Amino acid sequence: MLRRSLVVSVGLVAGLALWLSPTPARACGGFFCDLVNNQPTPVDQTGENILFAIDEDAGTVEAHIQIQYTGDPQKFGWVIPVTAEPDFAVGSELLFTNLLAATVPTYSFTVARDCADDDDPSFGCAVVSLDGGVAGSGGDDIGTEGTSDTSGFEVVKREIVGPFEIVVLKGGTADEVWQWLAAAGYYQDPAAGPIMQEYLDEGFYFAAAKLRHGAGVEELQPIVMTYAGTTPCVPLRLTGIAAVPDMGVRVFGLGHSRYAPSNYRHVELNDVAIDWTTSADNYTDVVRRAIDAPMADGHGFVTEYAGPSSVVNTAGVFSGRWDADTFVEAMPINAGISVIDALVEQGLVDCSFEGCAYNHPQLLPLLRTYLPAPPGVPEDIFYADMLAYEDMIDLDAWSGPAFAKAMQERIIDPGRRAVDLLARWPYLSRMLTIISPEEMTVDPEFIQNPDLGDVSNLRQGIMEIPCAGSNRMRMPNGRGVLLDESGNWPVFTDMPAAQRVEQIAPAGAPQLLQDFDPQIVASLKASNARFDYDDGDGVRCALRRGSWSAALGLGVVFGFAWRGRRRRPAL
């Protein structure tokens, strides 16, 4: 199943481990390791982005783990417990970029004004579409060869996968694994020892990865691991050692039906608790509080999207124009045609404007390795006009076969794998939890349930603006939330963040464990009553028009639609 991934918000790295068992699938762990001047320095894990694809016919789970790291490349390390020797491959960063963009939850609304009694012509009568915005969601030589001894400790696999050097360790004790990792430059927090021993006692292997010699952090790509099993899992027990409080863990699932947590609760958010007027700026806090609600108790996931995988745009992820063979026999400049010209023809580079655009995150790192700009020459200027610098090209760095191989492995194959994955699996799920280290006591597992309905990531309400009275946000479920006199979202008393907490099985409807609807209704009525608003029959109050609605009306007069701020999720 899956263990620690790295991630997002602040761009720090952490290790992620994934484990899948061919029998009953249980969790595993992993941890990030760092070494600074031979002094152990753990690196905080700030989030995880993980994609699973279950192939029940083959009995395997494919896990794509996004990695982000901004430190010294020689200090990057990753240790992953696994039940057997996994197959490794390089993944596509653009796949994660497009997954996140296509499924991010958005809270938008249209505005409806009732002008029947309005004697002020400056406001006009209109229905304006407003976008409420996007919810914020919130190493060198690997080491010495291991050899079998009385305890059975050995290195059973060693390979280079893209920018990574990977080994798989088998058997022994936690102390022996530690000794090997320490000799290879990894740091382990002492708190990890007992947990590592648990996995070893259960027959687990450990995979250890570092950046290969000379690779920079800009060459980091997602890692793909394929395991035997049918139950994906995000093992969080070891994550707690380096995790930060309120860490986001986002899980994507590809298959034939919707994914759901099986040993964690499923939590449905209360839309009334989300501030729709500020682009859902409080989304992360609402998710956090909802996950901590009674019956979820810190072990729950919300579903942010569930539906067709075709929503993910594959543009730029892969192109049939890409051809690594073009460069096998190529020199930096052949008969006036440069390597850059060939890349332009394949759509990977565009130098037609000021500077150059590199249309794949791995292309510029490859050019820096095999076709570096001469000293003192800016990269964009060099690549835009290589003929002008022909005598300064570093021919010792160039290798057509090596460039072609790297392009195939780092750009073409991951891209093709990503689009094939989306084409093969028609259904996509996106789930989120926000969890703190002390809560990482159980490793969440996931199942597919064909009886669950779709979940749209596009949530739309209606802002009702009467000609005399207060503005009201009509929620998708029909509830009305009265805004205060200034057009701000009200401050509620005792408003639950969760609508309900459920337990989900592999089939059938969710089992309701906790329904917060009575509390939501009571809190909403109390809030609306503060503004003399009758939410039941929609009677307008006698409050003056809020300044927010006045500003909106002026926007309509001048012929533009105000659009709310957009925010990308922080993972």
Side-chain angles (χ1 to χ4, degrees), residues 8-9 47 49 99-112 128-138 246-250 252 266-293 296 300-307 311 429-435 454-465 471-484 486-492 495-500 516 520 523-524 527 546 548-549 551-552 561-571:
V8 192
S9 293
N49 279 341
L99 278 171
L100 290 163
T103 60
V104 61
T106 63
Y107 290 78
S108 62
F109 53 87
T110 59
V111 174
V128 184
S129 177
L130 297 186
D131 186 346
V134 180
S137 33
D246 296 330
M247 189 184 87
V249 178
R250 180 166 284 109
F252 295 91
H266 181 260
V267 180
E268 182 178 324
L269 295 182
N270 169 22
D271 281 350
V272 176
I274 294 171
D275 186 345
W276 291 57
T277 69
T278 61
S279 305
D281 281 353
N282 66 336
Y283 180 80
T284 298
D285 180 65
V286 173
V287 172
R288 177 188 59 80
R289 292 192 294 115
I291 298 300
D292 289 337
F301 279 82
V302 301
T303 298
E304 298 185 307
Y305 173 80
V311 299
S429 304
R430 167 174 166 153
M431 296 162 289
L432 170 68
T433 191
I434 296 178
I435 190 167
D454 294 350
V455 177
S456 174
N457 62 313
L458 307 176
R459 293 86 191 260
Q460 187 173 59
I462 300 174
M463 178 71 76
E464 299 174 344
I465 303 178
N471 301 341
R472 177 176 61 183
M473 179 69 75
R474 182 67 67 182
M475 316 300 290
N477 61 7
R479 286 193 168 128
V481 178
L482 181 69
L483 306 187
D484 68 16
S486 299
N488 297 319
W489 205 252
V491 177
F492 294 104
M495 175 63 74
Q499 176 73 39
R500 59 178 55 85
F516 294 97
I520 294 170
S523 181
L524 181 56
S527 175
W548 187 93
S549 54
L552 173 67
W562 174 84
R563 303 188 70 82
R565 290 171 293 162
R566 268 196 182 275
R567 297 185 180 226
R568 287 294 169 198
L571 306 177

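Everything numeric in this text was worked out from a predicted model, so none of it was measured. We use all heavy atoms of the structure for the numbers below, so side chains are in, but hydrogens, waters and symmetry mates are not.
- A distance of 10.0 Å separates CD1 in Ile462 from CE in Met473, rounded to the nearest 0.5 Å.
- Judged by distance alone, the side chain of Ser279 and the main-chain N or O of Asp281 form no donor-acceptor pair under 3.5 Å.
- No side-chain heavy atom of Met463 sits under 4.5 Å from any side-chain heavy atom of Thr110.
- Listed here is the closest heavy atom pair of Ile520 and Gln499: CD1-OE1, 3.3 Å.
- For the residue pair Asn457 and Val104, the shortest heavy atom distance occurs at ND2-O, 2.9 Å.
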Take Ile274 and Tyr107 through the test side-chain contact (heavy atoms from CB on, under 4.5 Å) and record every step on the way to the result. CA-CA 9 Å; Ile274 294 171; Tyr107 290 78; 3.1 Å; yes

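- Taking all atoms of both residues into account, the shortest heavy-atom contact from Val272 to Met475 is N-CE, 4.0 Å.
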Run Asn488 and Leu483 through side-chain contact (heavy atoms from CB on, under 4.5 Å) and show every step you take. CA-CA 5 Å; Asn488 297 319; Leu483 306 187; over 6 Å; no

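- Atoms CZ and CZ, on Arg474 and Arg472 in that order, are 3.5 Å from each other to the nearest 0.5 Å.
- When side chains are defined from C-beta on, Val481 counts as touching Phe492, because their heavy atoms get closer than 4.5 Å.
- Asn282 contributes a side-chain N or O that, together with a main-chain N or O of Asp275, makes up a donor-acceptor pair within less than 3.5 Å.
- Of the possible polar contacts, one joining the Thr103 side chain to the Leu99 backbone as a donor-acceptor pair under 3.5 Å is found.
- At a threshold of 4.5 Å between non-hydrogen side-chain atoms, the residues Thr433 and Phe301 count as touching.
- In this structure, Asp292 does not pair ionically with Arg289, as no charged nitrogen and carboxylate oxygen lie closer than 4.0 Å.
- Contact check for Arg459 versus Pro105: side-chain heavy atoms found under the 4.5 Å cut-off.
- Nearest approach of Thr303 to His266, heavy atoms of both residues: OG1-NE2, 2.7 Å.
- Here the shortest heavy-atom pairing between Ala273 and Ala497 reads CB-CA, 4.2 Å.
- Here the straight-line distance linking atom CD of Gln460 with atom CZ of Phe109 works out to 10.0 Å at 0.5 Å rounding.
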For side-chain contact (heavy atoms from CB on, under 4.5 Å), just list the numbers for Leu524 and Met495, CA-CA rounded to whole Å, side-chain angles, deciding distance to a tenth of an Å, and then say yes or no. CA-CA 8 Å; Leu524 181 56; Met495 175 63 74; 4.3 Å; yes

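- A 4.5 Å side-chain heavy-atom check between Tyr283 and Glu304 finds at least one atom pair inside the cut-off.
- Taken from CG in Asn471 to CD1 in Ile465, the straight-line distance is 4.5 Å, to the nearest 0.5 Å.
- Using a 4.5 Å cut-off on side-chain heavy atoms (C-beta onward), Ile435 and Ile291 make no contact.
- Considering CZ of Arg288 and CG of Leu432, their distance stands at 12.5 Å, rounded to 0.5 Å.
- Using a distance-only test at 3.5 Å, with no hydrogens or angles considered, no donor-acceptor pair links the side chain of Arg500 to the main chain of Asn270.
- Nearest heavy atoms, Trp489 versus Trp276: CH2-CD1, 3.8 Å.
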